[in-house]
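Data block below; observations after.
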Amino acid sequence: MSKLSILIIEDEKNICNFIKATLKPQGYKIITATSAAEGLSIINSGSCDVVLLDLGLPDMDGLEVIKQVRTWSSLPIIIISARTKEQEKVQALDLGADDYITKPFGTAELMARIRTALRHSNRLESDDELCKRPYTSGALTIDFDKRLVLLNGESVHLTQIEFKIISLLARNAGKVLTYDAILTHVWGPYIEQNNQILRVNMANVRRKLEKNPAEPEYLFTEVGIGYRMAEET
Ligand code: CA
């Protein structure tokens, strides 16, 4: 089996080196680029499976890189971003980036993001089968086909909207979804971009599913960005 190759587009040497040192022992092939132009030409040559992309590049805005790649490819893109730049992360995700990691990040977080991105990119190709399979994490099971949510084996009553939200998040388990992405998916494209309605529904879902909503096991808040559901176990 050939190694999966990961392209890092990042102009900060120390971050590049850290990622390289982290991923190499995991059996990935690592390719690095220090500018957007260099990165784009590697992507265009089709020689990588995942891209880790810094948004602050010397020659081009990273958002522009996402736009260009998304005109022709669904290659997984994970953003490397600074902690304070929520708006930038949201923009990147809404332009089609798959996820983000915030500097400084640890090995476990980096590995989890890459695994999730790879899983979801494979899923696109065999969509049907996997979507029918129930989601399970800890004591929570969601059966999409039967529209059933079980917690510790007991059925949990959710409203239709609540079920739609949680199904969307569960089908994208491990991946962050922005407020806008969830609103559009659940309420349709003409919903006013009003996060309040989503917050209220999420609070209700959490009350029904989480033992302690302040320390969630299944539904995580990404402040200023959106929500992420626990990976399957
Ligand atoms: Ca940079």
Side-chain angles (χ1 to χ4, degrees), residues 3-121 124 172 174-182 220-228 231:
K3 283 184 179 178
L4 286 167
S5 71
I6 297 181
L7 168 63
I8 310 166
I9 310 178
E10 165 68 84
D11 59 328
E12 280 172 64
K13 266 250 153 62
N14 54 343
I15 294 181
C16 243
N17 290 338
F18 168 74
I19 298 176
K20 247 200 265 185
T22 304
L23 295 179
K24 266 234 169 103
Q26 308 292 330
Y28 293 111
K29 181 181 167 204
I30 311 299
I31 312 166
T32 55
T34 52
S35 70
E38 198 188 336
L40 279 168
S41 89
I42 295 167
I43 293 171
N44 290 343
S45 74
S47 52
C48 65
D49 301 298
V50 177
V51 178
L52 299 177
L53 173 68
D54 174 31
L55 292 179
L57 293 165
D59 57 334
M60 191 192 284
D61 190 332
L63 295 174
E64 192 52 44
V65 175
I66 302 170
K67 264 192 230 166
Q68 287 194 22
V69 174
R70 280 292 172 264
T71 59
W72 65 278
S73 167
S74 60
L75 182 70
I77 301 174
I78 300 167
I79 298 307
I80 306 169
S81 180
R83 190 164 297 278
T84 50
K85 305 207 164 163
E86 262 70 44
Q87 197 46 44
E88 190 181 72
K89 291 175 206 166
V90 171
Q91 262 180 298
L93 292 164
D94 287 337
L95 281 173
D98 293 83
D99 215 320
Y100 68 88
I101 39 174
T102 301
K103 298 180 214 181
F105 48 85
T107 305
E109 194 187 359
L110 177 62
M111 296 303 300
R113 294 293 163 269
I114 290 173
R115 261 199 324 268
T116 301
L118 281 168
R119 202 178 48 239
H120 287 291
S121 77
L124 289 178
N172 291 283
K175 197 171 149 172
V176 67
L177 296 182
T178 63
Y179 299 120
D180 283 8
I182 301 171
F220 305 104
T221 299
E222 303 273 322
V223 178
I225 295 168
Y227 299 100
R228 185 194 301 274
E231 291 202 52

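Source: prediction; values computed, not measured. If you read the sequence from its start, that first residue is 1, and numbering goes on from there. Just so you know, ligand 1 is whichever comes first in the structure, and atom 1 is the first atom listed for that ligand. Side-chain atoms are counted along with the backbone in the values below, which use heavy atoms only and exclude waters and symmetry mates.
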query = Is a side-chain donor or acceptor of Thr116 paired with a backbone partner of Arg113 at a separation under 3.5 angstrom?
reply = no

### Query
Is it true that a side-chain atom of Asp59 and a backbone atom of Ala36 form a donor plus acceptor pair closer than 3.5 Å?
yes

### Message
Using only atom types and a distance under 3.5 Å, with no angle test, would you say the side chain of Asp49 pairs donor to acceptor with the backbone of Ser5?
### Response
yes

Test side chain to side chain donor-acceptor pair (under 3.5 Å), reference Tyr100, set Lys89, Glu88, Glu222, output is Glu222

Of all N, O or S atoms in Asp11, the one closest to the Ca ion (ligand 1) is OD1

So that I can check it, does any N, O or S atom in Glu12 come closer than 3.0 Å to the Ca ion (ligand 1)?
no

In Asp54, the N/O/S atom nearest the Ca ion (ligand 1) carries the name OD2

Check whether any N, O or S atom of Gly56 sits under 3.0 Å from the Ca ion (ligand 1). yes

